[in-house]
Amino acid sequence: MKYLRQLGIIMVITFMGEMLKEVIPLAIPASIYGLLLMLAALMTKAVRLEDVKETADFLIEIMPVMFIPAAAELVVSWGILQDILIPVIVITLVTTVAVMAVSGRVTQSVIRFEKKRKEKNERNNK
Amino acid sequence: MKEIISNSAFFGVFISLVGYEAGLFLKKKIRHPLVNPLLISIIFVIVILVVLNIDYERYHQGAKYISYLLTPATVCLAVPLYEQISLLKNNWKAIIMGIVSGVITSMSSVLLLSLVFGLSHEEYVTLLPKSITTAIGMELSKETGGIVTITVTVIIITGIFGNVIAEGVCRLFRIHEPVAKGIGIGTSAHAVGTTKAMEMGQEEGAMSSLAIAVAGLLTAAGVSVFAGLM
């Protein structure tokens, strides 16, 4: 019954996320509210890690499969997309590389800068 | 035969899973980043639908039960994030700065390229939320007057592309810190990219999950400003 209970807890939190979406008038999906709720529940120990762990790992593992139906909808939207296909492809490729490189590099630079500063402080304290 | 397929609630799930298994098999045989199980399964499903002349609606009546799991699965991304929470505590400054710079890069490069291609305002706002999770992106597209179907398609293409190129981009730009890899992938390619980050490692996966939520929220806050710029 372990997996059923784990799935039950995940569904309760997902449902609470849906309720929050109804109450709060922002363009934020239920899944993000649910993610934040789950994180809060784990941090406050309202939900223990072992209460959800295996089922959560399973759902995350099979997550790529869940994108197949939405992506296959391309066969339907192809008609509208055709007219602006070239700009859309160029913009998609360029921005994806740019965003990944910029946010990755900035994060790495700040991590390394902070590391150096800490080391310096430690040396000065000695 | 076609009758059976058209009426089956399992056909959609069946060909999606077969496509994914085929992708996993090919990935094992041919170790190349372009041999991506998700990409292969999507091509597989589209080819089957086109060749057998099956309506998307028919496919979707079964396949929707796979998509149904997407919301609870996204909620579950909190679990690896919680397991790696010390990473967040130790690197929060770098993480925030990385995601903010990524979100600004995303919207300003869409703006710039839309100007270059002479796109209409409608087309521009359609592309504006392309890097973030589908659920938030759809809402923002609707709100700013974009074409929601295209937004969804472009978000998915972005995710698949990000998933495929993630390892290459990290190598090319010498991004070695696992935290930085995860933030870069999650900020640029949302949940589809995150599945790749999960494969790369626990730290990468956790940071990528975090970036989906934060980048989505920041984009929601900034999109109205950018929508007014063109």
Side-chain angles (χ1 to χ4, degrees), chain A residues 10-11 13-14 17 26-32 34-39 42-43 49 52-53 56-57 59-60 63-77 80-81 84 87-88 90-108 110-112 114, chain B residues 16 20 38 41-42 45-46 49 56 63 66-67 69-79 81-82 91 93-94 97-99 101-102 105-106 109-110 113 117 119 123 127 131 135-136 139-140 143 149-150 153-154 156-158 161-162 169 173 175 177 180 183-184 187-188 192 195 213 220:
Chain A
I10 292 164
M11 287 303 180
I13 294 184
T14 306
L26 291 173
I28 295 168
S31 58
I32 298 292
L35 192 159
L36 297 173
L37 280 175
M38 178 68 92
L39 187 62
L42 287 166
M43 289 179 76
L49 192 57
V52 290
K53 172 80 177 149
D57 285 348
L59 284 176
I60 292 170
M63 210 171 163
V65 177
M66 301 170 198
F67 294 108
I68 300 172
E73 202 171 6
L74 250 177
V75 286
V76 181
S77 54
I80 337 170
L81 195 63
I84 47 168
V88 165
V90 173
I91 292 175
T92 303
L93 302 193
V94 172
T95 54
T96 307
V97 174
V99 174
M100 200 181 286
V102 168
S103 52
R105 285 296 303 196
V106 168
T107 309
Q108 180 162 288
V110 179
I111 289 174
R112 293 192 171 166
E114 294 272 313
Chain B
S16 306
Y20 197 72
L38 178 59
S41 54
I42 291 161
V45 168
I46 290 179
L49 294 187
Y56 178 78
I66 311 178
S67 322
L69 288 172
L70 203 50
T71 306
T74 309
V75 172
C76 289
L77 289 173
V79 172
L81 181 56
Y82 169 73
N91 299 294
K93 254 189 236 166
M97 287 169 83
I99 300 174
S101 63
T105 305
S106 176
S109 56
V110 171
L113 290 166
F117 284 109
L119 296 187
E123 288 160 351
L127 297 179
S131 296
I136 302 185
E139 291 292 323
L140 297 183
E143 227 171 77
T149 352
I150 296 194
T153 308
V154 172
I156 297 277
I157 296 173
T158 298
F161 181 63
V169 168
F173 291 92
I175 302 166
E177 298 278 347
I183 294 298
T187 308
S188 60
V192 187
T195 60

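Residue numbers begin at 1 in each chain, while the letters A, B, ... track the order of the sequences. The structure displayed is predicted, hence computed values, not measured ones.
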Side chain, backbone, both or neither: which part of [X] has a heavy atom under 4.5 Å from chain A?
X      : value
B:V169 : side chain
B:T158 : both
B:V110 : both
B:F117 : side chain
B:I183 : both
B:S109 : both
B:L70  : both
B:I156 : side chain

field: Interchain contact, A:L37 with chain B, by part (heavy-atom threshold 4.5 Å)
entry: neither
message: Restricting to side-chain contact (heavy atoms from CB on, under 4.5 Å), what partner residues turn up for A:A98, sequence neighbours left out?
response: B:T105
field: Passing option when A:T92 is tested against B:T153, B:L113, B:I157 for side-chain contact (heavy atoms from CB on, under 4.5 Å)
entry: B:I157
- prompt: With A:K53, which residues qualify under salt bridge (Lys or Arg N to Asp or Glu O under 4.0 Å), at least two apart?
  reply: A:D57, B:E83
